[in-house]
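Predicted model only: the values in this text are computed from it and were never measured.
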Amino acid sequence: MTSGLNFRTALLLLVPPLLWAGNAVVGRLVHDLVPPITLNFLRWALAFVILLPLAGWLLRPGSSLWSSWKRFAVLGLLGVGCYNALQYLALQTSTPLNVTLVASSTPVWMLAIGALWFGQRVSRRQMLGAVLSLAGVLLVLSRGQWALLAQIRLVPGDVYVLLATLAWAFYSWMLSQPKDPPEIRKDWAAFLMAQMVFGLGWSGLFAAGEWALTDARIVWGWPLAAALLFVAIGPAILAYRCWGVGVQRVGPNIAGFFSNLTPLFAALMSAAFLGELPQLYHGIAFVLIVGGIVVSSRR
């Protein structure tokens, strides 16, 4: 069951966009040091080790995890195996600001998926909001030149982040459905660990394919080690913990609004660490996207 948004929940939902913005910047900083899908696998492997003392009991043969393996296998695929791997892939050819701006259309996709798969009604106001937000996404994809839409050639990163956004929308709706064993649902470490168990299998499989099909290599050193530590503790454990609780409290649609803060944080961090200053079309796109979400969320 969900409840209304309050100050404490709002503060909780501010944490993920801040950490996700940092995740995008760090992913861009180390894209020459480690392959993107391998980076995703390494971050979750490290996060798994960190959580093991808190939720290791979940791995015992008699644990309720195994009776609910299908649900956690899907959650692990969407939230651990696909979402961040696709984002890191996107950062190979796109900037953190572009990636986070396109990803800020997430609430629109949540409305669509909620209507198509979870029986949620969509109002005309919400449809108008969706049009505004999608216009913002198209503005980013066209790099601010609307005439190019007729002959647009998407940067691979733009496609990857759209796929990541769809995966995250499905993941968030599944989180809002209380279908987990109570002993796992009430223990945040166990709930995240249950997703990691299967997510590591998916991400390991994808990473193996990356090494088999590309000339993947890793440049080990302190920069990569520091990056792995950050993305494992911050964007993985803390952000997923806060997002999961927030979605359970207020539902995916309201929680999704907070993801639109990610490009603001990413713009500040990109300017500070990457020298990638925002362009005018980025600002216009953000106004369109946020305007769409505001219109969509009003009753």
Is there a side-chain contact between D187 and F191 (heavy atoms, below 4.5 Å)?
-> no
dist R28:CZ -> N23:CG (nearest 0.5 Å) comes out at 14.0 Å
Step by step, work out the side chain to side chain contact (heavy atoms under 4.5 Å, CB included) result for W211 and I218.
-> CA-CA 11 Å; W211 281 79; I218 298 177; 3.7 Å; yes
Which other residues end up in the same hydrophobic cluster as L12, if Ile, Leu, Val, Met, Phe, Trp and Tyr are linked when side-chain heavy atoms come under 4.5 Å apart?
-> V245
Taking every non-hydrogen atom, the tightest pair across V80 and L200 = CG1-N, 4.2 Å
Are the side chain of S203 and the backbone N or O of G81 linked by a donor-acceptor pair below 3.5 Å?
-> no
Using a cut-off of 6.0 Å, state whether more than 12 heavy atoms not belonging to W66 lie near its atom CH2.
-> yes
Please report the closest heavy-atom contact between R249 and T9, naming both atoms and the distance.
-> NH1-OG1, 3.3 Å
Under 3.5 Å, side chain of W117 to main-chain N/O of F170, donor-acceptor pair present?
-> no
Are W243 and F7 joined in one hydrophobic group, where the rule is that I, L, V, M, F, W and Y side chains link up if heavy atoms are under 4.5 Å apart?
-> yes
N84 and Q87: side chain to side chain contact (heavy atoms under 4.5 Å, CB included), yes or no, with the steps?
-> CA-CA 5 Å; N84 282 281; Q87 277 207 330; 4.0 Å; yes
Closest non-hydrogen atoms of Q248 and R185, given as atom of the first, atom of the second and distance, are CG-NH2, 3.3 Å
Spacing of L163 atom CG and C82 atom SG [to the nearest 0.5 Å] | 9.0 Å
Would you say the side chain of Y160 lies within less than 4.5 Å of the side chain of L91, judging by non-hydrogen atoms?
-> no
Between M196 and A47, which heavy-atom pair has the shortest distance, and what is it?
-> CE-CB, 3.7 Å
Could you tell me the separation between the CG atom of L19 and the CD1 atom of I237, rounded to the nearest 0.5 Å?
-> 11.5 Å
Aromatic centroids of Y171 and W168 separated by under 6.0 Å | yes
Using a distance-only test with no angle check, is there a side-chain donor-acceptor pair under 3.5 angstrom linking N40 and Y83?
-> no
How long is the gap from CZ on F230 to CG on L238, to the nearest 0.5 Å?
-> 9.5 Å
Any side-chain heavy atom of K179 sitting closer than 4.5 Å to one from M174?
-> no
So, for W173 and W109, is the gap between ring centers shorter than 6.0 Å?
-> no
Please answer: with hydrophobic residues joined when any side-chain heavy atoms are less than 4.5 Å apart, are V219 and L224 in the same cluster?
-> yes
V15 vs L18 side-chain heavy atoms within contact, under 4.5 Å | no
Which is it for I233 and L229 under the side chain to side chain contact (heavy atoms under 4.5 Å, CB included) test, yes or no, and what are the steps along the way?
-> CA-CA 6 Å; I233 296 176; L229 192 62; 3.8 Å; yes
Check: S67 side chain, S64 main-chain N or O, donor-acceptor pair, under 3.5 Å | yes
Starting from the C-alpha separation in whole Å, work towards a yes-or-no answer on side chain to side chain contact (heavy atoms under 4.5 Å, CB included) for L54 and W188.
-> CA-CA 10 Å; L54 298 176; W188 73 269; 4.2 Å; yes
Taking every non-hydrogen atom, the tightest pair across P223 and L33 = CB-CD1, 4.2 Å
For E210 and I37, which heavy atoms make the closest approach, and how far apart are they?
-> OE2-N, 3.2 Å
Which pairs pass ring-ring contact (aromatic ring centres under 6.0 Å, His included) with one or both residues in residues 22-57, sequence neighbours excluded?
-> W44-Y240
Does R43 reach the main-chain N or O of V231 with its side chain, forming a donor-acceptor pair under 3.5 Å?
-> yes
Please check if W222 and W220 belong to a single hydrophobic cluster, counting links between Ile, Leu, Val, Met, Phe, Trp and Tyr side chain heavy atoms closer than 4.5 Å.
-> no
Look at the side-chain heavy atoms of Ile, Leu, Val, Met, Phe, Trp and Tyr, link any pair under 4.5 Å apart, and say whether L116 and L162 land in one connected group.
-> yes
Euclidean distance, E183 CD relative to L58 CG, rounded to 0.5 Å = 9.0 Å
Beyond-backbone contact of L65 with M193, side-chain heavy atoms, under 4.5 angstrom | no
L86 with L205, same ILVMFWY side-chain cluster at under 4.5 Å = no
